[in-house]
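In the text below, chain A, chain B and the rest are named by the order of the sequence lines, each starting its count at 1. Only heavy atoms go into these numbers, but all of them, side chains included; no hydrogens, no water, no symmetry mates.
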Amino acid sequence: GAVVSQHPSRVICKSGTSVKIECRSLDFQATTMFWYRQFPKKSLMLMATSNEGSKATYEQGVEKDKFLINHASLTLSTLTVTSAHPEDSSFYICSARGDRSYGYTFGSGTRLTVV
Amino acid sequence: GESVGLHLPTLSVQEGDNSIINCAYSNSASDYFIWYKQESGKGPQFIIDIRSNMDKRQGQRVTVLLNKTVKHLSLQIAATQPGDSAVYFCAETEGGSYIPTFGRGTSLIVHP
């Protein structure tokens, strides 16, 4: 089955620094990747949708300069949280979709803690 | 906007019982539905899906039922096991958008 690898699984960073999270599709080409944010005991909140080779489409209220998304290849998308602050602490999850199915495969998530 | 919602935020069952998790959706144009299981600290894991041209689909120990008349979706887990304890999300998509809308989630707690 389709596998999506997300790295790192946990990261602690100092306030003001930037953190990059990687999302890779291991055995399929991901034409579209999605980035979600999840607060404790809450549902997934879509942050942005990215298509390979084009700019990401951000959901309303998500700062594109704060959450930089790059989808440079069909197997890799990155989310960079720039100038992180404690309120950015959250669980970030990516998902990927190939072009031959409706299905979405999720990464294992990244727990970001900004101190 | 339209959204997917869940009736019960928490469901507690005894090991061996059957579990039923419900989901109401409001977008009548949705044509593809997915159930995900999310364990603590992990990403959602695909369980089963169903397209709108079907009303029932079975997997291993799980069954998804779709009632388009009342816009209701359910996930049935047979012989629930402690390992089934997790949060379950339903998600819907509308043809062509490919962007799933997630429901609120139901926490399933299985007591040994």
Side-chain angles (χ1 to χ4, degrees), chain A residues 1-11 21-25 28 30-51 56-61 79 90-113, chain B residues 1-11 21 23-25 29-54 57 59-60 64 85-109:
Chain A
V3 178
V4 172
S5 174
Q6 187 172 340
H7 179 81
S9 58
R10 291 178 179 271
V11 58
I21 302 170
E22 292 188 349
C23 182
R24 294 181 184 272
S25 58
F28 67 102
T31 51
T32 307
M33 285 189 171
F34 306 89
W35 287 96
Y36 295 85
R37 182 172 180 175
Q38 187 178 32
F39 293 101
K41 300 188 185 300
K42 297 292 185 182
S43 188
L44 284 73
M45 181 186 76
L46 180 65
M47 298 174 66
T49 302
S50 71
N51 293 294
T57 301
Y58 289 82
E59 295 299 299
Q60 191 174 7
L79 167 67
S90 193
F91 193 56
Y92 293 88
I93 309 170
C94 71
S95 74
R97 179 185 172 276
D99 59 3
R100 295 186 177 182
S101 73
Y102 286 100
Y104 307 83
T105 302
F106 284 85
S108 55
T110 297
R111 171 71 61 192
L112 171 63
T113 303
Chain B
E2 297 187 284
S3 63
V4 176
L6 292 170
H7 294 304
L8 300 173
T10 303
L11 177 64
I21 301 171
C23 178
Y25 66 96
S30 292
D31 58 4
Y32 180 60
F33 305 87
I34 314 160
W35 279 103
Y36 290 97
K37 173 187 180 182
Q38 186 179 26
E39 297 176 339
S40 181
K42 298 183 179 179
Q45 179 184 12
F46 172 90
I47 300 173
I48 193 168
D49 59 358
I50 189 168
R51 301 189 191 284
S52 59
N53 61 351
M54 302 172 69
R57 190 166 187 221
Q60 188 175 12
V64 55
S85 295
V87 177
Y88 290 81
F89 293 97
C90 65
E92 60 170 336
T93 64
E94 181 180 342
S97 77
Y98 304 136
I99 302 175
T101 300
F102 283 85
R104 191 159 50 113
T106 292
S107 175
L108 176 65
I109 301 171

Original post:
When rounded to the nearest 0.5 angstrom, what is the spacing between CD1 in I99(B) and OG1 in T49(A)?
Top reply: 4.0 Å
**OP:** Kindly compute the distance separating OG1 (T93(B)) from CZ (R97(A)), expressed to the nearest 0.5 Å.
**Re:** 9.0 Å
Closest non-hydrogen atom pair between [X] and [Y], with its separation:
X	Y	value
P100(B)	Y36(A)	CG-OH, 3.5 Å
K42(B)	F91(A)	O-CE2, 3.5 Å
Q38(A)	F89(B)	NE2-CZ, 3.6 Å

Subject >> Heavy-atom proximity to chain A below 4.5 Å, by part of E39(B) >> reply: neither
Subject >> Side chain / backbone / both / neither for Q6(A) at chain B, heavy atoms under 4.5 Å >> reply: neither
**OP:** Against chain B, label K41(A) side chain, backbone, both or neither, depending on which of its atoms sit under 4.5 Å from a heavy atom there.
**Re:** neither
Original post:
Would Y36(B) and L44(A) count as a side-chain contact (heavy atoms from CB on, under 4.5 Å) if you check the C-alpha gap in whole Å, the side-chain angles of each, and the deciding distance to 0.1 Å?
Top reply: CA-CA 11 Å; Y36(B) 290 97; L44(A) 284 73; over 6 Å; no
**OP:** Walk me through it: do F102(B) and F106(A) pass the test ring-ring contact (aromatic ring centres under 6.0 Å, His included)?
**Re:** CA-CA 13 Å; F102(B) 283 85; F106(A) 284 85; 5.8 Å; yes
Original post:
With no hydrogens and no angle check, is any side-chain donor or acceptor of S43(A) less than 3.5 Å from a backbone partner on G105(B)?
Top reply: no
